[in-house]
Amino acid sequence: MLTEINAHCYETRLSGLYAITMPTPFPVGDVFAYLALGKGSAPLTLIDCGVRTDEARAALQAGLAACGVAFRDIERLIITHHHTDHLGFAAEIAAESDAEICAHQLCRPWLEQPEPTRRAFDAYLRPIFRQGGVPEEVIAGIERISAYLGSFVQPARVTRTLAEGDQVELLGKVWQVYHTKGHAGDLLCLYEPESRVLLSSDHLLRDISSNPLLEPPEAPDQPRPQRLLDYLAELQRIAQLDIQVAYPGHGAPVTNVPQLVEGRLAMHAERAERLRALCAEQPRTLYELVQLLFPHLRQPEMFLALSEVLGHLDLLVRDGKAFAEWRDGVAYWQAA
Ligand SMILES: [Zn+2]
């Protein structure tokens, strides 16, 4: 399904669409970018651009070179979401080319003002973690990792925002933009109904589940986004499309989308039920629940685990199966 051209470049099923693989310094492993060659009025487009390390730059350039493309030739760059392993070379590509830089409007601050945006993100999450009974040294560890992730990002200007319902021309065909929030609030998928190909970014991954991550709301007076609930709804929506193959941000292409989605929904229902059972034993804080569910967690995974467990608590609350009792500013979760 992916035919190797060189160590970093693979041909997809769709003529003119290439998958370029790059290493990341993170536990997730390699990340894909996708190159759509220019065709007719459709500009030569790169979708995502890895994490900014020397190894990834060499991989991206080698992958592009297999198709006769250099950074200066890129006419359009689409960033699928704001995570560090997807927007790495946006600034370098913008500096070397006249590329249009496209992303969802929620991605704009992460690209244009990454450092203040990251600091605001940390500041927003701090009281949520304290309410979850997370110790201060653990919060400090999460913020050190946030700073480390931020150290890879260079500012780049978004020249066109993309939203649900928009269309982009790729490879001479019209692709539909789907705003599939969940893993990230700004995540975009692209779908071409004739070939039934989906560029699924981190919304649909075959071998790992896409953690819906905690994020601030769009405006400060809005409630905390419930990204797991968003994610489950958007998974079901995407499963309605008649997808032949989804090319994801990480790992192998997905050919059995409805079964994969069904499996993910079942897994989340099961995890929520385990959580409910733990809350039925005695009232527990978010941090206690994370420790019980993931006793061997390494520090870089703490933020992912806190995000996921809070997401499952959101699910239990929505279904009337759990509630929080507050003591000294800390939430103790109980089964309803
Ligand atoms: Zn991501």
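Just so we're clear, the structure is a prediction, and the values are computed from it rather than from any experiment. All residue numbers refer to positions in the sequence shown, counting from 1. For ligands, and for the atoms within them, numbers begin at 1 and follow the listed sequence.
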Exercise. What class does the angle between the rings of H312 and H268 fall in, given that below 30° is parallel, 30 to 60° is tilted and above 60° is perpendicular?
Worked result: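 It falls in the tilted class, 30° to 60°.
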For this session: Provide the atom name of the closest N, O or S atom of H83 relative to the Zn ion (ligand 1).
Result: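 The H83 atom nearest to the Zn ion (ligand 1), restricting to N, O or S, is ND1.
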Problem set entry | N/O/S atom name from D202 that is nearest to the position of the Zn ion (ligand 1) |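 Nearest N/O/S atom: OD2.
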Exercise. Taking the six-membered ring of F89 as reference, does the NZ or CZ atom of R57 fall below 6.0 Å from its centre and within a 45° cone about the axis?
Worked result: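 No; the conditions do not both hold, so R57 does not lie above the ring face of F89.
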Problem set entry | Any donor-acceptor pair under 3.5 Å from E100 side chain to T159 backbone |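 Such a contact is absent between E100 side chain and T159 backbone.
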Exercise. Is any N, O or S atom of D85 under 2.8 Å away from the Zn ion (ligand 1)?
Worked result: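 Of the N, O and S atoms in D85, none lies under 2.8 Å from the Zn ion (ligand 1), which means no.
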For this session: Examine H81 and say whether one of its N/O/S atoms is closer to the Zn ion (ligand 1) than 2.8 Å.
Result: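 Coordinating: yes.
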Exercise. With a 6.0 Å cut-off on ring centres, are F26 and F152 close enough?
Worked result: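 That pair passes the under 6.0 Å test.
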